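A quick note: this is a predicted structure, and the numbers were derived from the prediction, not measured. By convention here, the first residue in the shown sequence is residue 1.
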Amino acid sequence: MTTTQIALSEPLYGASFPQAVSRFFRKYGTFSGRASRSEYWWWVLANVLVALAFNLIGSLTDPQWTSRPIDVFSPFASGGAFALSSPVGGVFLVYATGILIPALALTWRRLHDADRSGAWFFIVVVPLIGAIVLLAFTLLSARPAGARFDE
């Protein structure tokens, strides 16, 4: 049985967890093209697991950690105050900064796969409603018209 390699420039439908994480880093700052739902949501799971691991390590090593845990979905929301007083928080801040651009690029590509402009990402600036709209867009199935965003 032979397996067909999907080009990095194409969305990988039915991506496995390791494939999604690998593609996330290999397409670090690529805003063109599309990302499948599996690519996107496996990465979201990986990122949540990393944040939970940082929270676990922080709570085990810093007695004050429980009063200021890392927000999994918005690590910069606390203004980075936790990072200044904890080595674990500082390492997480470096991690969060390092994945900021590729996470934005992945979301941008996921919106393309749903036949939406990546600029819809900025709907998140609208309190509550924006996050709900962005969530709904990332849950949409692939649309053939989204191929217009491929290069």
Side-chain angles (χ1 to χ4, degrees), residues 5-59 65-84 86 88-151:
Q5 286 284 61
I6 301 295
L8 196 56
S9 61
E10 297 178 26
L12 179 58
Y13 298 105
S16 67
F17 184 84
Q19 288 172 319
V21 172
S22 171
R23 287 173 69 91
F24 174 82
F25 287 108
R26 289 173 51 207
K27 295 180 83 168
Y28 192 86
T30 305
F31 285 80
S32 62
R34 296 174 288 157
S36 69
R37 278 190 294 191
S38 56
E39 284 180 78
Y40 180 81
W41 288 107
W42 278 126
W43 170 253
V44 169
L45 175 62
N47 197 40
V48 166
L49 292 174
V50 168
L52 290 174
F54 273 104
N55 272 323
L56 178 64
I57 293 167
S59 66
W65 188 269
T66 55
S67 66
R68 54 180 171 21
I70 294 171
D71 183 345
V72 174
F73 297 104
S74 183
F76 298 105
S78 66
F82 63 87
L84 299 176
S86 170
V88 175
V91 173
F92 182 78
L93 192 59
V94 169
Y95 165 77
T97 303
I99 66 158
L100 187 64
I101 297 297
L104 175 59
L106 177 63
T107 305
W108 206 270
R109 292 191 313 271
R110 177 67 207 116
L111 289 168
H112 286 172
D113 195 47
D115 194 28
R116 300 275 188 260
S117 166
W120 272 103
F121 170 81
F122 297 108
I123 192 78
V124 299
V125 301
V126 177
L128 187 60
I129 304 287
I132 293 169
V133 169
L134 184 61
L135 173 65
F137 284 166
T138 60
L139 290 170
L140 292 174
S141 61
R143 294 187 177 163
R148 65 189 170 111
F149 295 104
D150 293 344
E151 283 189 342

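Thr107 has its side chain within reach of Tyr40: a pair of non-hydrogen atoms, C-beta onward, lies under 4.5 Å apart. Looking at heavy atoms from C-beta onward, Val21 lies out of side-chain contact with Trp42 at the 4.5 angstrom threshold. Put simply, the side chain of Phe149 does not reach to within 4.5 Å of the side chain of Arg116, judged on heavy atoms. Using a 4.5 Å heavy-atom cutoff, the side chains of Phe24 and Ile99 are in contact. Contact annotation: the side chain of Leu134 approaches that of Leu111 to within less than 4.5 Å [non-hydrogen atoms, C-beta and beyond]. In this structure, Ile57 and Phe92 have side chains that are not in contact, with every pair of non-hydrogen atoms separated by 4.5 Å or more. A 4.5 Å side-chain heavy-atom check between Leu139 and Arg37 finds every atom pair outside the cut-off.
Using a 30° and 60° split on the angle between ring planes, Trp108 and Phe31 fall in the perpendicular class, above 60°.
Within the model, atoms CZ of Arg23 and CD1 of Ile6 stand 8.0 Å from one another, a figure rounded to the nearest 0.5 Å. To the nearest 0.5 Å, the span separating OG on Ser38 from CH2 on Trp41 amounts to 12.5 Å. Note that CG of Leu52 is 10.0 Å distant from CG of Asn47, once rounded to the nearest 0.5 Å. Rounding to the nearest 0.5 Å places CG of Leu100 at 7.0 Å from CG of Leu104. From Asp113, atom CG reaches atom CD of Glu39 across 8.0 Å, with rounding to the nearest 0.5 Å.
Closest approach of Leu8 and Lys27 over heavy atoms only: O-NZ, 2.8 Å.
Panel note: side chain Ser36, backbone Leu12; a donor-acceptor pair is recorded below 3.5 Å. Looking only at distances, a side-chain donor or acceptor of Arg110 sits under 3.5 Å from a matching main-chain atom of Thr138.
Take Arg109 and apply the salt bridge (Lys or Arg N to Asp or Glu O under 4.0 Å) test, not counting sequence neighbours, and it matches no residue. Here Arg148 pairs with Asp115 under the salt bridge (Lys or Arg N to Asp or Glu O under 4.0 Å) rule; sequence neighbours left out. The side-chain hydrogen bond (donor to acceptor under 3.5 Å, both in side chains) test applied to Glu10 returns no partner, not counting sequence neighbours.
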